[in-house]
Amino acid sequence: MPELPEVETVRRGLVPVMEGAVIAQADVNRPDLRWPFPQGMAARLTGQQVLRLRRRSKYILADLASGESLLIHLGMSGRMLISGDPLGQFVHDHPPAEKHDHVVFHMDNGARVTFNDPRRFGAMDLLDTATADQHKLLAAIGPEPFGNDFHETHLIAVLKGRNTPIKSALLDQRIVAGLGNIYVCEALYRARIHPARKAGRIATARIAALVPIIREVLSDAIEAGGSSLRDFRQADGELGYFQHRFDVYGREGAPCHSEDCSAQIARIVQSGRSSFYCSQCQR
DNA sequence: ATAGGCACCTGGTGGC
DNA sequence: TGCCACCAGGTGCCTA
């Protein structure tokens, strides 16, 4: 679930119930996720107004009135469940606590936000808002795909001479922020680039073409996430789950969507992870 | 510096 | 029904 579009979808879903509201109470139900929670996390959150919810790569940052920011990563299975918000946009009752509800934020507007993460690859930390960029987990991350620093010259430069498959390179968060296994596969399909191609041996024009394609793939997905959000009125308040039409991801053996192509989508394993592609269209 | 592999953890699925 | 192998949207860390 959580690559950039899903994280952005979650952030947008949280804005109406968290921004401007005060965390009246924070339940921290275990000492850690992927790493131990910071010292006194519950106390440092309690009574704090959330000034702003931002996203950097796959991280959500909640800037607090105290000058600290809460850093949240959803890992592989993290979810944010909203319940009982007074705006009536989501659901009206608080569902019973479930297994893996690790942190619960009780907002002063009546909303409750529950972080649920079965696999616990997620993370939370507190850092100084002013120096957030220098946080260990954020410092090395590359440009935001929708930002001005992500452009053709950059991508060409960072891929130059790289001997690694383009698939691996695009998964590397230092090259560009926010892509994961799904959207790398989708972007390479749209760019007609074979996932196993060495990153440093792709014509610069084809690398350049990846820039708008990556933006399109991500914005298409964000749009899809946003539209499904509106259906949550009668749903259970779970965010970050949306239907999206993939061209290749998870479609091994299914027909290629390209016109005039009769090939089937193939799957290979690269550094332990599945890559889906069309061997006819992608070279 | 770069590349590859492992580890962390739980749950769902499909085969026998 | 039970057991088991395998798979899953991420990424830090260790080793050559």
Side-chain angles (χ1 to χ4, degrees), chain A residues 1-11 13 29-37 55-60 71-80 98-103 115-125 127 134-142 145 157-189 195-201 214 217-218 220-222 224-225 228 238-253 267-276:
Chain A
M1 184 261 289
E3 299 181 33
L4 186 152
E6 291 73 33
V7 176
E8 178 61 18
T9 299
V10 169
R11 188 195 69 82
N29 297 330
R30 52 173 299 123
D32 56 23
L33 287 170
R34 186 170 180 189
W35 299 288
F37 290 131
R55 180 190 56 72
R56 170 73 172 118
S57 190
K58 300 172 192 171
Y59 293 89
I60 291 172
L71 181 75
I72 302 170
H73 196 285
L74 301 175
M76 291 275 269
S77 57
R79 292 171 192 272
M80 289 287 208
E98 291 199 25
K99 209 175 171 184
H100 310 304
D101 283 352
H102 304 312
V103 179
F115 181 92
N116 181 286
D117 183 10
R119 295 179 72 180
R120 303 205 303 276
F121 290 165
M124 282 191 199
D125 200 4
L127 48 102
Q134 294 154 43
H135 187 273
K136 194 183 178 191
L137 296 173
L138 302 180
I141 294 179
V158 293
L159 294 181
K160 189 177 181 184
R162 300 270 316 231
N163 200 35
T164 197
I166 185 67
K167 167 78 188 306
S168 311
L170 293 180
L171 281 176
D172 184 342
Q173 301 297 296
R174 296 168 301 183
I175 304 279
V176 56
L179 292 177
N181 206 33
I182 292 175
Y183 298 108
V184 167
C185 290
E186 296 298 314
L188 289 175
Y189 172 78
R197 264 212 117 80
K198 306 282 192 188
R201 297 201 198 123
I214 286 169
V217 164
L218 295 177
D220 285 354
I222 291 170
S228 80
E238 181 174 311
L239 296 185
Y241 172 77
F242 67 93
Q243 322 230 337
H244 184 69
R245 259 193 84 48
F246 298 130
D247 282 318
V248 288
Y249 186 82
R251 296 191 62 245
E252 181 180 15
R267 183 179 80 96
I268 55 173
V269 176
Q270 296 180 278
S271 51
R273 314 194 65 190
S274 293
S275 294
F276 299 90

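First the proteins, then the strands, lettered A, B, ... as listed; each starts at 1. FYI, side chains are in, hydrogens and waters are out, and symmetry mates aren't considered; it's all heavy atoms of this structure.
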Peer 1: Counting side-chain heavy atoms from CB outward, which of dA3(B), dA8(C), dT11(C) is closest to Tyr249(A)?
Peer 2: dA8(C)
Peer 1: For Val248(A), does its backbone N or O pair with a side-chain atom of Glu186(A) as donor and acceptor, under 3.5 Å?
Peer 2: yes
Peer 1: Rounded to whole angstroms, how far apart are CD1 on Ile182(A) and C1' on dA8(C)?
Peer 2: 10 Å
Peer 1: Rounding to a whole Å, what distance do you find between Ile141(A):CD1 and dG12(C):C1'?
Peer 2: 12 Å
Peer 1: In whole Å, I'd like the distance from the CG atom of Leu74(A) to the P atom of dT11(C).
Peer 2: 10 Å
Peer 1: Base, sugar-phosphate, or nothing for Arg162(A), non-hydrogen atoms under 4.0 angstrom?
Peer 2: sugar-phosphate
Peer 1: State which of dG11(B), dC7(C), dG10(C) makes the closest approach to the side chain of Pro118(A).
Peer 2: dG11(B)
Peer 1: Which part of the nucleic acid, if any, lies within reach of Arg34(A) when heavy atoms closer than 4.0 Å are counted: base, sugar-phosphate only, or nothing?
Peer 2: base
Peer 1: May I ask you to say what Asp117(A) touches in the nucleic acid, namely base, sugar-phosphate or nothing, with a heavy-atom cut-off under 4.0 Å?
Peer 2: nothing
Peer 1: Identify whether any heavy atom of Lys198(A) sits under 4.0 Å from a base atom; if not, whether one sits that close to sugar-phosphate; answer base, sugar-phosphate or nothing.
Peer 2: nothing
Peer 1: Sort out the partner of dG14(B) for me: Watson-Crick or G-U wobble, both distances under 3.5 Å, none otherwise.
Peer 2: dC4(C)
Peer 1: Side chains of Lys99(A) and Asn116(A): is there a donor and an acceptor less than 3.5 Å apart?
Peer 2: no
Peer 1: Would you say the side chain of Arg120(A) and the base of dC9(B) hold a donor-acceptor pair, judged only by whether the two atoms sit under 3.5 Å apart?
Peer 2: no
Peer 1: Counting any heavy atom closer than 4.0 Å, what does Ser274(A) reach on the DNA or RNA strands: base, sugar-phosphate only, or nothing?
Peer 2: sugar-phosphate
Peer 1: Rounded to the nearest Å, what distance is computed from the CZ atom of residue Arg79(A) to the P atom of nucleotide dT10(B)?
Peer 2: 17 Å
Peer 1: Determine which nucleotide pairs with dC9(B), using a 3.5 Å limit on both distances of a Watson-Crick or G-U wobble pair.
Peer 2: none
Peer 1: In whole Å, what is the span from the CD1 atom of Ile72(A) to the C1' atom of dG10(C)?
Peer 2: 16 Å
Peer 1: To the nearest 0.5 Å, what is the distance between CG on Leu138(A) and OG on Ser57(A)?
Peer 2: 8.5 Å
Peer 1: Identify the two heavy atoms, one from Glu6(A) and one from Glu3(A), that lie closest to each other, and give their separation to 0.1 Å.
Peer 2: OE1-N, 2.8 Å
Peer 1: Does dC7(C) have OP1 or OP2 under 4.0 Å away from a side-chain N or O of Arg273(A)?
Peer 2: no
Peer 1: State whether Lys136(A) places a side-chain N or O below 4.0 Å from either non-bridging phosphate oxygen (OP1 or OP2) of dC13(C).
Peer 2: yes
Peer 1: It should be established whether Ser77(A) places a side-chain nitrogen or oxygen under 4.0 Å from OP1 or OP2 of nucleotide dC9(B).
Peer 2: no
Peer 1: Return the 5'-most residue of the pair Arg174(A), Ser271(A) with respect to DNA chain B, ranking by each residue's nearest nucleotide.
Peer 2: Arg174(A)
Peer 1: Expressed as a whole number of angstroms, how long is the span from Arg119(A):CZ to dC6(C):C1'?
Peer 2: 12 Å
Peer 1: Which is it for Arg120(A) and Ser77(A) under the side-chain contact (heavy atoms from CB on, under 4.5 Å) test, yes or no, and what are the steps along the way?
Peer 2: CA-CA 7 Å; Arg120(A) 303 205 303 276; Ser77(A) 57; over 6 Å; no
Peer 1: Check the distance between dG12(C)'s P and His135(A)'s NE2 and give it to me in whole angstrom.
Peer 2: 11 Å
Peer 1: His100(A) has a side chain; which of dA8(C), dG12(C), dT10(B) sits nearest to it?
Peer 2: dT10(B)
Peer 1: Using the side-chain heavy atoms of Glu3(A), tell me which of these nucleotides is nearest: dT11(C), dG10(C), dA8(C).
Peer 2: dG10(C)
Peer 1: Kindly point out which of dG10(C), dG11(B), dT10(B) is positioned nearest to the side chain of Lys99(A)?
Peer 2: dG11(B)
Peer 1: To check you understand the geometry: which heavy-atom pair defines the closest contact between Ala169(A) and Thr164(A), and what is its length?
Peer 2: CB-CG2, 3.9 Å
Peer 1: Met124(A) pairs by side-chain contact (heavy atoms from CB on, under 4.5 Å) with which of Asp32(A), Leu71(A), Ile72(A), Ile60(A)?
Peer 2: Ile72(A)
Peer 1: Once you apply a heavy-atom cut-off of 4.0 Å, does Leu171(A) come out as touching a base, just sugar-phosphate, or nothing?
Peer 2: nothing
Peer 1: Provide, to the nearest angstrom, the distance between the NE2 atom belonging to His73(A) and the P atom belonging to dG12(C).
Peer 2: 8 Å
Peer 1: Check for me: is Phe121(A) stacked on dC8(B) by the 5.5 Å centroid and 30° plane-angle rule?
Peer 2: yes
